[in-house]
Amino acid sequence: MSDGRVVVRGRMAGAGFCVTDRIVATAAHVVRGRTAQDVAFETAAGHAVAVERIDVDATIDVAMMWLVSSLPVVAPLAEVLPSSEWCVTARPRGNDPRLTGTVTAVDHLIDNSGGHEMSVLQLHVREDAGQYGGYSGSAVTVDGAVVGILVEQVPERGAGNGGPPRSANVLYAVPIAHAVRRFRLAVPVHSATAGPPAARQLLDPAHFDLDEVKSGILAAKAAASQRRVLAFAMGTADPVVVHRLCDWLPPYLGELERKEWINLDPVSAAVDAAVKSACRYEATLRRVGVVCPVRVDGAPAMHVARFHEQVLAAYPRPEHWLVLLYAGEVPHPTGVVPLPPPRFVPADIAAWARDVCASRRWPARLAAVWTDRLLDEASDGTELSVRFTYEALQDAIRLLRQDPAALRRDLEEESER
């Protein structure tokens, strides 16, 4: 999981963790009164990521920070049952304890420090640290899934010896399901009775980088009118990239269904057939969003423009997002947002390896060895191939899932040569 520290003007202010590859949750009081320019998120691997915007809800003391680039390790989210064993892995300082304990209540009603009534998880904590400052915003996890956001410590009753007040061994956390609903994030929260959810720790290449492309998509969505149509010119017809982007989009656009490719070719009659194919999505758009990839290589620009105009006319106000992805080298119609070409650089892979090693508490030296191995597999001889990079990541993810201990031993042996 990408947990880490929230840094305000160079000073550690609290903790945070990724709920998507671009959104970090923390306690609202950690960033109270701050602008995005004041704040950065420092991962457990030690690299800082700038913040683009901050959404705050003081009534539940939760904030969501939108990052300018993607982080690869995202934990599953789940509800929790009373008496579950919990832990917090984020630490304000390197020698601070890891917090553990038991969930004693899942719907405890309190007036928080801001005077707002809210329902929280009540946590009994085993580690007597006297004070738990700096842990605010941490992910409370059960069986590897995030169940809450740590927001408040409880002072000891009757303490009055003149020194700083000690905290009791009780902490409060906002249930993660409450935060997801409040901020309208299209992220699944698994039932507490369904067993531990499958890990999302990057073990899905959709969360790996392509930052320039993803930033272009999110900027277009933010600028879109109430008409839920987005159109992009990708400049590539590689289905791998389209597939990965479709896997990445749901937390930001809601549930989506990816349709089969539509082909536009130089034959004029093909435009009418392509429009007819795209106009069959009306029933689907009443249920979920639709991604429609369109190959335009070799098609005259006027054909692409006619196809685009007729599809927009067919869907004046869709109930869910319609995303048109034009793949191929051709002048794009008015209203279509050009996206930068997808590419990876060695720094992307190095950051991925550092984050995954940090999330598993592996020695940092292993990340360098792993990076060299992945770079060798991902290169086409002159640069990093997008397709080869995804294949190298898939192989690495399979090893992480099947036998992480064996992978660690292999990297350690390689580091000692």
Side-chain angles (χ1 to χ4, degrees), residues 1-36 38-46 48-67 71 73-75 77 80 86-94 96-101 110 112-114 116 118 120-123 125 127 129 131-142 145-154 167 170-180 182-183 185 187 355 358-359:
M1 172 178 58
S2 273
D3 57 9
R5 298 177 174 91
V6 178
V7 179
V8 176
R9 294 185 176 178
R11 300 185 63 180
M12 198 281 293
F17 62 94
C18 287
V19 291
T20 78
D21 64 329
R22 285 291 188 105
I23 303 175
V24 166
T26 187
H29 67 262
V30 169
V31 292
R32 181 182 296 126
R34 304 297 185 177
T35 66
D38 297 328
V39 181
F41 180 64
E42 183 180 289
T43 71
V49 183
V51 173
E52 187 172 60
R53 82 169 195 262
I54 302 173
D55 295 338
V56 174
D57 186 349
T59 63
I60 62 170
D61 197 10
V62 171
M64 296 291 171
M65 304 187 303
W66 291 66
L67 307 181
L71 292 177
V73 186
V74 183
L77 312 180
V80 65
W86 63 270
C87 74
V88 162
T89 57
R91 298 176 295 169
R93 297 168 299 185
D96 281 329
R98 171 177 175 166
L99 303 183
T100 62
I110 67 167
N112 67 19
S113 58
H116 302 286
M118 58 187 287
V120 296
L121 307 177
Q122 181 173 297
L123 310 173
V125 58
E127 291 71 26
Q131 277 284 327
Y132 299 96
Y135 286 97
S136 290
S138 297
V140 179
T141 64
V142 172
V146 176
V147 300
I149 306 167
L150 201 62
V151 294
E152 197 163 321
Q153 56 186 329
V154 179
S167 293
V170 176
L171 300 174
Y172 294 146
V174 175
I176 192 63
H178 291 194
V180 167
R182 163 59 184 84
F183 289 93
L185 304 179
V187 182
D355 277 337
S359 73

What's the shortest heavy-atom distance between [X] and [Y], and which atoms?
X: Ile60; Y: Ala179; result: CD1-CA, 4.4 Å
X: Val146; Y: Ala139; result: CG2-CB, 3.9 Å
X: Thr26; Y: Ser136; result: OG1-O, 4.3 Å
X: Val8; Y: Ala13; result: CG2-CB, 3.6 Å
X: Ala63; Y: Ile54; result: CB-CG2, 4.3 Å

Measure the shortest side-chain to side-chain distance between [X] and [Y] over non-hydrogen atoms and say whether it is less than 4.5 angstrom.
X: Val6; Y: Met65; result: yes
X: Val51; Y: Leu67; result: yes
X: Met118; Y: Thr59; result: no

- With Val120, the side-chain contact (heavy atoms from CB on, under 4.5 Å) member among Leu150, Ile110, Asp61: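 Of Leu150, Ile110, Asp61, side-chain contact (heavy atoms from CB on, under 4.5 Å) with Val120 is met by Ile110 alone.
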Partners meeting side chain to side chain contact (heavy atoms under 4.5 Å, CB included) with [X] (sequence neighbours left out):
X: Arg32; result: His29
X: Ala25; result: Phe17, Val19, Met64, Ile149
X: Thr43; result: Phe41, Ala45, His47, Leu71, Asp355
X: Asp55; result: Arg53, Trp66, Phe183

- So how far is it from Ile23 CD1 to Leu185 CG, rounded to the nearest 0.5 Å?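 Rounded to the nearest 0.5 Å, the CD1-CG separation comes to 5.0 Å.
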- Message: Rounded to the nearest 0.5 Å, what separates atom CG in Leu99 from atom CG in Leu171?
- Response: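 If we round to the nearest 0.5 Å, Leu99:CG and Leu171:CG are 6.5 Å apart.
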- Item | Non-neighbouring partners of Arg11 that pass side chain to side chain donor-acceptor pair (under 3.5 Å), sequence neighbours left out |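 Arg11: no side chain to side chain donor-acceptor pair (under 3.5 Å) contacts found.
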- Item | Non-neighbouring partners of Tyr172 that pass ring pair (Phe, Tyr, Trp, His ring centres under 6.0 Å), sequence neighbours left out |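 Residues passing ring pair (Phe, Tyr, Trp, His ring centres under 6.0 Å) with Tyr172: His108.
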- Task: Ignoring hydrogens and angles, tell me if any N or O in the side chain of Glu127 forms a donor-acceptor pair with the backbone of Thr100 under 3.5 Å.
- Result: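 Side chain of Glu127 to backbone of Thr100: a pair is present.
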- Task: Evaluate the criterion side chain to side chain contact (heavy atoms under 4.5 Å, CB included) for residue pair Arg34 and Arg9; output intermediate values, then yes/no.
- Result: CA-CA 9 Å; Arg34 304 297 185 177; Arg9 294 185 176 178; 3.9 Å; yes
